[in-house]
Every structure is written in C-alpha cells, then in structure tokens.
Amino acid sequence: MGLLTGKTALITGAARGIGKAIALKFAEEGANIAFTDLVIDENGEATRQEIEAKGVKCQAYASNAADFAQTAEVVKKVHEDFGSIDVLVNNAGITKDGLMIRMTEQQWDAVIGVNLKSAFNFIHACTPIMMRQRGGSIINMASVVGVHGNAGQSNYAASKAGMIALAKSVAQEMGSRGVRANAIAPGFIETAMTAALSEEVRKEWMKAIPLRRGGKPEDIADVATFLASDLASYVTGQVIQVDGGMNM
Ligand code: NAI
C-alpha cells in the first residue's frame, strides 16, 4: 500500500514542471489525481496518460487558476468526478520580473493573480469539502524568495510571502476540523521557469547553494508527498525550505 492510497489529490498547473513531478510521485504512492492547467493540449494529455499509467485514476481540467468563478466550477467538477478531495496543491505560478522602478501595474497584477489569488480561489472552494470530510492537506508552493525577498522580483516575492501567510492562517482556522495547511519554499529548481535565466544568474545561484546543484522537481515532490501523507498528520502551519541549504 502506498503512502497516499485512497486519497484524491488536486494539483494546479501540473501539465509540466514541479506540478507534474508531484502528480507522478503522488500517483506512485497510490493517490488518484485531478490536475489543472491553463489549457490541456497534447503535452497535458501526455502528462495525464503518464500519470494514469501508474495505475490510478487521473483527469486533467483546463482552468485558469486566477479566475474565481472558473475555480469554483472546476473544484465542483473534480468533487463530482472523484467523490473526495483530500489533498490540494496550489502549484500554478508565473514570473514577470522587473525592478520596482520599471514594474508595470500589469506585471504586478498578473503575478499576484496567478500565484496568490489562485491559492485563495482553490482553498476557498476546497475547504468546505475538506471540512465535511473532517480531513485534508493543503500545500502552497511558495519560494525561498518569499522568505528572503529578491531584487527584481518584488511582485513574485510578495506573492510567495502571501502564500506562506495564507497557509499559516488557514492552518489556524481549520486545524480543529482536521485540515492541515503548509507551504513548501523551493530554492533553485531546474524547470522551464528557471531555464529562462542567464548563465551568469545561474552561476550566482549555484555559489549560494551548499549542496552545489540545482534542485530537481522530484526533490520538491518528495517533500510534498510527506506533507500530503499521514506521516505529516501533526505538521501544520509550517514552511519547509527545499533549497539545498541556500544562503541568500
Ligand atoms: P513551470 O512554468 O514549469 O510550470 C508552471 C505550470 O503552471 C505550467 O504548466 C503553466 O501552464 C501553469 N500555469 C500558469 N498559469 C496558470 C494559470 N493561471 N492557471 C493554471 N495553470 C497555470 O513552473 P515550475 O518551475 O514547475 O513552478 C511550479 C511552482 O513552483 C510555481 O508556483 C513556481 O513559482 C514555484 N517555484 C519554482 C521554482 C523553480 O526554481 N522552478 C522555485 C520556487 C518556486
């Protein structure tokens, strides 16, 4: 029996990258998987098939996580399709970097909308279900820059700091109903998001990492599996940095 056998997990933005690695790891541990992404194209469908090949049920849903009404609708659909939602991973995220002096209102609104409001949207829609079940695990994908800040990423860092505070607050509100909420703060993880960075920036990051390598999506998936599982049944309101010991 896997660590997540019998549980249904809903993961946002999981067609690729960290979300996909989490979905695959959860499926290996026996969870049925519902995942969203902006569109479910060939890549999303290939991800769905890869997850299903682990021997679990998997459905993919096209939905904009930043949209409150679409989120309510997709959560209702997932609940109808799967009968429960035991684990929610708020993973969808974007960057639109720039120094504050040059940052536009659009850059600010887009990043806060996709990264932070999306987490509100999904938590708002899922917690009534989890409270009725008297159990659930919410995992917000934050970032080390949400803990330390980062020049050129004030919108992104603020959104990630918000996800940490959101998890801690929900943990306090929902603990008595058996619902746990935690945040993971990844450091430098090798995905499409970080592939866009220049070699110079990558070298600077590597110097700050005692383990001397970028993280793999699977490094995050392992910690997410712990938080989703009953191994973490007394862990709530925490932020776990998964960053190779990065000194920022
Ligand atoms: P990625 O860009 O490879 O994947 C993000 C996924 O989210 C994509 O499939 C994208 O289509 C989806 N997405 C974007 N906007 C969406 C929306 N409005 N609604 C639904 N889905 C949407 O990124 P990656 O690296 O896998 O990141 C995943 C999460 O981890 C993000 O929240 C990111 O901020 C966070 N993170 C990543 C780090 C890294 O080094 N890669 C470090 C720290 C945090």
Side-chain angles (χ1 to χ4, degrees), residues 10-25 34-48 50-51 60-71 73-75 78 88-97 109-122 125 139-150 153 155-164 166-167 183-197 201-202 204-206 208-209 213-221 223-224 239-244 246 248:
L10 169 55
I11 307 163
T12 67
R16 68 175 194 209
I18 291 172
K20 177 180 173 182
I22 292 172
L24 285 167
K25 179 75 188 170
F35 77 86
T36 74
D37 213 296
L38 269 179
V39 291
I40 301 300
D41 53 12
E42 284 162 29
N43 174 54
E45 176 51 23
T47 297
R48 194 196 66 74
E50 230 181 293
I51 296 165
Y61 303 82
S63 145
N64 177 1
D67 187 298
F68 185 79
Q70 271 187 43
T71 300
E73 212 172 292
V74 84
V75 167
V78 170
L88 165 66
V89 185
N90 286 309
N91 169 79
I94 57 167
T95 53
K96 289 199 182 292
D97 298 350
D109 286 347
V111 169
I112 298 295
V114 174
N115 297 4
L116 181 56
K117 188 180 174 208
S118 63
F120 161 72
N121 292 343
F122 273 88
I139 301 167
N140 280 356
M141 202 53 63
S143 165
V144 286
V145 308
V147 178
H148 299 287
N150 197 24
Q153 286 199 306
N155 52 355
Y156 183 77
S159 74
K160 296 303 189 181
M163 288 182 89
I164 291 170
L166 177 60
I184 295 176
F188 183 94
I189 310 300
E190 306 276 2
T191 67
M193 190 177 265
T194 45
L197 296 172
V201 173
R202 294 171 71 85
E204 280 307 305
W205 279 80
M206 288 306 162
I209 302 172
R213 66 167 177 90
K216 301 187 299 289
E218 292 74 21
D219 293 321
I220 306 303
V223 175
V239 48
I240 302 183
Q241 289 186 215
V242 186
D243 61 1
M246 187 185 284
M248 285 187 68

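Counting starts at 1 for both ligands and their atoms, in listed order.
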- Heavy atom of A142 under 4.0 Å from ligand 1? yes
- Nearest heavy-atom approach of L116 to M163 is CD1-N, 3.6 Å
- Task: Specify the closest pair of heavy atoms between A185 and V239, including all atoms of both residues, with the distance to one decimal.
- Result: CB-CG2, 4.0 Å
- Message: I want to confirm something. Looking only at heavy atoms, which of I18, N90, N140, N91 is nearest to atom 29 (C) of ligand 1?
- Response: N91
- Message: Using heavy atoms and a 4.0 Å limit, tell me yes or no: is G187 in contact with ligand 1?
- Response: yes
- Query: Going by distance only, is there an N or O of S143 that falls short of 3.5 Å from an N or O of ligand 1?
  - Reply: no
- Task: Indicate the ring-plane relationship of F120 and F68, choosing parallel, tilted or perpendicular according to the 30° and 60° boundaries.
- Result: parallel
- Given I11, V242, V114, V144, which has its nearest heavy atom closest to atom 15 (N) of ligand 1? V114
- Message: Between ligand 1 and A65, is the shortest N or O to N or O distance under 3.5 Å?
- Response: yes
- Item | Qualifying residue, where the test is side-chain contact (heavy atoms from CB on, under 4.5 Å) with F35 and the options are V78, I51, T12, L10 | I51
- Taking N or O atoms only and a 3.5 Å limit, does G17 qualify as a polar contact for ligand 1? no
- Query: Of the non-hydrogen atoms in M141 and P186, which two are nearest, and what is the gap between them?
  - Reply: SD-CG, 3.7 Å
- Using a 4.0 Å heavy-atom cut-off, say whether T191 meets ligand 1 through its side chain, its backbone, both or neither. side chain
- Message: As an exercise, identify every atom of ligand 1 less than 4.0 angstrom from a heavy atom of I189.
- Response: 39 (C), 40 (O), 41 (N)
- One finds that the ligand 1 atoms under 4.0 Å from a non-hydrogen atom of N64 are 17 (C), 18 (N), 19 (N)
- Task: Please work out whether any backbone atom (N, CA, C, O) or any side-chain heavy atom from C-beta onward of T194 is under 4.0 Å from ligand 1, and answer side chain, backbone, both or neither.
- Result: side chain
- Ligand-residue contact atoms, ligand 1 with S63, heavy atoms, under 4.0 Å: 19 (N), 20 (C)
- Task: With heavy atoms of M141 as the reference, note each atom of ligand 1 found under 4.0 Å away.
- Result: 29 (C), 30 (O), 35 (C)
- Exceeds 12 heavy-atom contacts within 6.0 angstrom, atom CD of E218: yes
- If you look at every heavy atom in I18 and N91, which pair is closest and at what distance? CG2-OD1, 3.8 Å
- Item | N/O separation below 3.5 Å, T36 to ligand 1 | no
- In short, A15 meets K20 closest at the heavy-atom pair O-CD, 3.8 Å
- Give a yes/no on ligand 1: does K160 have at least one heavy atom closer than 4.0 angstrom to it? yes
- Item | Smallest separation among heavy atoms of A65 and N121, with atom names | O-ND2, 2.9 Å
